[in-house]
Structures are given as structure tokens and as C-alpha cells.
Student: 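One structure follows; several queries about it will come next.
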Amino acid sequence: MTIEQSPITNLPAFAKAMAGKQSTNHLFLRAALGETTERPPVWLMRQAGRILPQYRALRQRFPDFKAFVKTPEAAAEATLQPVDELGVDAAIVFSDILVIPEAMGLDYEMIEAKGPRFPKTIENQQDVDRLRSGVEAATALQYVYDALQISKSALAGRVPLIGFAGAPWTILAYMVEGSGSKTFSKARRLLYTNPGLSHELLQKITDTTIAYLRNQVAAGADLLQLFDSWAGELPPAHYRAFAVPYLRQICEALPQVPKTVFAKGAWFALEDLAELPCQVIGLDWNIAPAFAKEKTGGAKVLQGNLDPCTLYADTKTIEKETVAMLRAFGGHHIANLGHGVYPDTPLDGVRAFVNTVKNS
Ligand code: CP3
């Protein structure tokens with residue numbers, strides 16, 4: 001089947017553009033567009049990072065994570081490392097979802113071995129009013145566009161380049177909580193106590209994310225992934241009211257490239273997600289492939305969803321579990337883990353996973 005005939009996408013302009021590209025490995029984009037491929041493509045969420053010794057060496061050159069992210073040449077190097085070392089079928093630009101709150105005027109710190117922290121959080125109308133948004137906020141992220149551009153030319157078409165952003169609900173959660181959280185009760189509480197303010201904040205984040213992702217596409221991103229890491233914290237009605245409409249706005253604003261929505265923990269929202277104008281739905285490891293196929297009705301390509309902890313097992317177990325997962329999806333599938341790879345995962349385990357998919 002050619003891309004133009006693909007049943008689940010309508011991206012003729014994109015297909016035409018791809019035909020002229022020198023990319024030697026189109027597998028990931030072909031699969032994302034719904035084509036039946038000779039084998040599933042494979043990449044790992046958080047593949048650019050601490051699992052690689054060459055990442056840890058590069059990281060030592062910088063006083064902190066943010067300085068690293070803001071140095072485009074270094075970010076591009078980190079982007080290419082997993083392609084060189086593991087032979088994955090896609091690169092993902094090295095950055096973080098938290099650059100959006102920062103560009104909007106809410107500064108964060110990345111605390112070693114602990115995670116992000118926002119010294120000032122969003123509490124009231126005045127805090128929301130003060131935030132920059134849209135095109136103006138997105139101009140502060142030139143370093144990400146530069147990293148994409150450098151990565152794209154360094155890749156020289158070897159594999160496609162993924163751009164990304166956090167989904168609005170997940171970004172709101174960080175801006176209101178000020179860090180990760182066991183319950184996200186401050187962020188969830190805001191949706192009940194001040195729905196109007198919640199929507200205002202979500203709209204500002206959405207406007208900024210759209211401008212940001214448009215610039216990412218202009219800088220060379222071939223596909224965009226939205227990370228809704230805290231989707232599973234919301235009750236279904238709230239996910240439908242406070243998350244899905246903003247995901248829809250973002251998907252609709254970016255018709256030029258295929259899009260993946262990864263909503264962790266949102267098994268309850270699969271039917272809603274299946275109606276979004278995106279091509280790929282990312283799945284976490286709690287979702288059985290058959291359940292996801294049924295709920296999405298074959299409308300989407302599915303990405304995922306091996307438990308990241310599988311990769312701590314011996315090679316035989318990893319091979320067996322990976323093959324079982326590939327069989328359960330049985331096509332229209334992009335192989336990945338069900339969440340980002342954990343930083344202390346043995347590299348041999350990661351290799352066993354990637355190679356099992358590539359030899360399938
Ligand atoms: O996928 C990739 O390889 C590209 C780079 C990437 C990073 N963060 C680099 C990073 C991507 C796509 C992200 C997304 C991200 N960041 C998410 C969504 C995905 C998910 O995991 O749910 C979230 C929630 C964040 C926020 C974030 N950034 C946290 C909670 C942390 C601390 C936890 C941790 O892993 O250390 C980060 C830091 C971070 N982002 C690191 C990397 C490589 C570690 C920084 C270091 O080198 O010490």
C-alpha cells in the first residue's frame with residue numbers, strides 16, 4: 001500500500017514531500033501514516049539520556065540540565081547518540097516538556113536526582129494574567145529550533161526526527177503543583193474550584209504550544225508527539241473537559257505532519273483519543289493491545305507498550321516478551337516501551353529489545 005492510499009490518514013502534501021526526501025529509513029513515518037510495513041519501527045521514549053555512557057559524558061560538560069538543553073550543538077549530539085548506539089528508527093530532539101512554562105515566564109530548576117521544581121507556582125488570576133503566551137512566548141525557544149535544525153542536518157536523512165511538547169493538562173499540573181506529585185491534588189483541585197481560570201491557563205498553554213510546534217516543524221520535525229504524562233490522574237469527565245479539547249486544538253493546528261498523542265494512564269479515554277485528528281496513539285503498559293485495538297476501532301496506529309521493567313530481565317525473557325507484544329499488536333504498530341526508559345536500565349537490555357523488533 002502506498003502512503004497516498006493509506007486508510008487512516010489524509011496527508012497528501014506530506015506524502016509528496018516525503019517522496020522527494022533522501023531519507024534512507026522511512027519506516028517510522030510510513031508506519032505512522034498507516035502503511036503496512038515489513039516490520040514495526042522501533043524507538044524508545046527517553047532514549048536520549050542517562051542509559052547511554054556517551055550521554056553521561058556529554059552531560060558532565062554542563063553545570064546543570066538547563067544549560068545543556070540550551071546549548072543546541074550539545075542537544076543535537078544527545079539527539080543523535082541513540083541512533084548511532086542503538087540503531088533505533090527515529091530520533092527525538094533532546095529537550096524537555098518544561099521549556100514551555102519557562103518561556104511563558106514561570107522559571108524552573110532541575111534538581112539532580114530529584115526532578116523539576118518551580119520556585120513560584122500558579123495560584124490565582126493575577127498569576128495567569130502575568131504569563132506570556134502564543135507566538136511571543138514561543139520566540140524564547142529558539143534554542144530548541146536550533147537543536148532541531150542541527151540534528152536534522154546531522155542525521156542527513158538516516159531516520160526521521162520527532163519533535164515534542166507536553167500536553168496542556170500535564171503542563172498545567174506542573175505549573176500549579178510546582179513539581180511532580182503523588183496525588184496532583186492541587187492541580188486537580190483547581191479544576192473543581194476554579195474551572196474558568198483552569199480553562200484560561202489551558203488556553204494560554206495551548207496557544208504557546210501551537211506556536212512552538214509550528215516552529216518545530218519549520219525547523220525540521222517530521223512528526224510531533226504530545227506527552228500527557230499525568231492524564232491518568234483525571235476522572236474521565238475531567239479528561240474529556242479539560243484535556244481532550246486542547247489536544248484537539250493542537251492537532252488541528254498542525255496538519256502538515258503526523259502526530260502522536262501519548263496519554264499515560266488514560267485507558268478510559270481511548271475512545272475520545274481515537275477521534276482526535278492524530279495518526280498515532282501511544283499506550284502505556286497497563287493497556288492490553290486487544291483492548292486498545294477494540295477501543296480505537298482500527299482508526300489509529302498504536303505505539304508502545306512494553307513494561308520498561310522488562311528490560312532489566314535476561315535476554316531470553318526480553319526477546320520472549322517483545323515477540324509476544326509484537327504478535328498482540330499484529331501490525332499498524334510502532335514498537336516502544338509503555339513509558340520512558342528508566343535511567344538505570346542495562347544497555348544490553350535496551351539492545352535486546354531493539355534488536356528483537358528489528359529481526360522480527
Ligand atoms: O525522549 C528523549 O530522549 C528526549 C528528551 C526528553 C527529556 N524529557 C529529557 C530529560 C523528553 C521527551 C522529556 C519529556 C518529559 N520531561 C516528560 C514527558 C515524558 C514522561 O516521562 O512522562 C516529563 C514528565 C518531563 C519532566 C521531567 N524532566 C522530569 C520529571 C525530569 C526528572 C526525572 C528524570 O528523569 O531525571 C526531567 C529531567 C530530564 N529530562 C532528564 C532528561 C534526559 C534527566 C536530566 C539529567 O540528565 O539528569
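FYI, side chains are in, hydrogens and waters are out, and symmetry mates aren't considered; it's all heavy atoms of this structure. Whatever order the structure lists them in is the order used to number ligands and atoms, beginning at 1.
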Student: Does a donor on one side chain sit under 3.5 Å from an acceptor on the other, for Gln225 and Gln303?
Tutor: yes
Student: Hey, is ligand 1 close enough to Ser229 that some N/O pair sits below 3.5 Å?
Tutor: yes
Student: Are any of the heavy atoms in Phe68 under 4.0 Å away from ligand 1?
Tutor: no
Student: Out of Ile111, Ile97, Val93, indicate the one that has the non-hydrogen atom closest to atom 17 (C) of ligand 1.
Tutor: Ile97
Student: Relative to the heavy atoms of Gly115, which atoms of ligand 1 are at a distance of less than 4.0 Å?
Tutor: 32 (C)
Student: Which residue from Asp96, Asp64, Ile162 reaches closest to atom 8 (N) of ligand 1 through any of its heavy atoms?
Tutor: Asp96
Student: Would you check whether Tyr174 has a nitrogen or oxygen atom less than 3.5 angstrom from a nitrogen or oxygen atom of ligand 1?
Tutor: no
Student: Under the side-chain contact (heavy atoms from CB on, under 4.5 Å) rule, what do Val99 and Tyr143 come out as? Steps first, then yes or no, please.
Tutor: CA-CA 10 Å; Val99 301; Tyr143 60 88; 3.3 Å; yes
Student: Look at atom 12 (C) of ligand 1 and find which of Tyr342, Trp230, Phe164 reaches it with the closest heavy atom.
Tutor: Phe164
Student: Does the residue Val69 have a heavy-atom contact with ligand 1, meaning some pair of atoms that are separated by less than 4.0 Å?
Tutor: no
Student: Yes or no: does Ser95 have any heavy atom under 4.0 Å from an atom of ligand 1?
Tutor: yes
Student: Which atoms of ligand 1 sit under 4.0 Å from any heavy atom of His339?
Tutor: 20 (C), 21 (O), 22 (O)
Student: Test of understanding: given a 4.0 Å heavy-atom threshold, classify the contact between Tyr55 and ligand 1 as side chain, backbone, both, or neither.
Tutor: side chain
Student: Can you tell me if Lys114 contacts ligand 1 (heavy atom of the residue under 4.0 Å from the ligand)?
Tutor: no
Student: May I ask you to check if Lys120 and Tyr108 form a cation-pi contact, with NZ or CZ under 6.0 angstrom from the six-membered ring centre and within 45° of the axis?
Tutor: no
Student: Could you see which bit of Thr170 sits under 4.0 Å from ligand 1, with heavy atoms only: side chain, backbone, both or neither?
Tutor: neither
Student: Go through the side-chain N and O atoms of Glu177 and Trp230 and say whether any donor and acceptor fall under 3.5 Å apart.
Tutor: no
Student: For Phe242 and Trp169, what are the C-alpha separation, side-chain angles and deciding distance, and is it a side-chain contact (heavy atoms from CB on, under 4.5 Å)?
Tutor: CA-CA 7 Å; Phe242 292 99; Trp169 153 247; 5.6 Å; no
Student: Looking only at heavy atoms, which two atoms of Ala263 and Tyr239 are closest? And how far apart?
Tutor: CB-OH, 3.4 Å
Student: So is Pro116 touching ligand 1 or not, going by heavy atoms under 4.0 Å?
Tutor: yes
Student: Under 3.5 Å, is there a donor-acceptor pair linking the side chains of Gln249 and Gln203?
Tutor: yes
Student: Going by the order shown, which atoms of ligand 1 are within less than 4.0 Å of some heavy atom of Arg59?
Tutor: 46 (C), 47 (O), 48 (O)
Student: Is the closest side-chain donor-acceptor distance between Asp89 and Asn25 under 3.5 Å?
Tutor: yes
Student: When clusters are formed by joining ILVMFWY residues with side-chain heavy atoms under 4.5 Å apart, either directly or through shared neighbours, do Leu302 and Trp267 land in the same one?
Tutor: yes
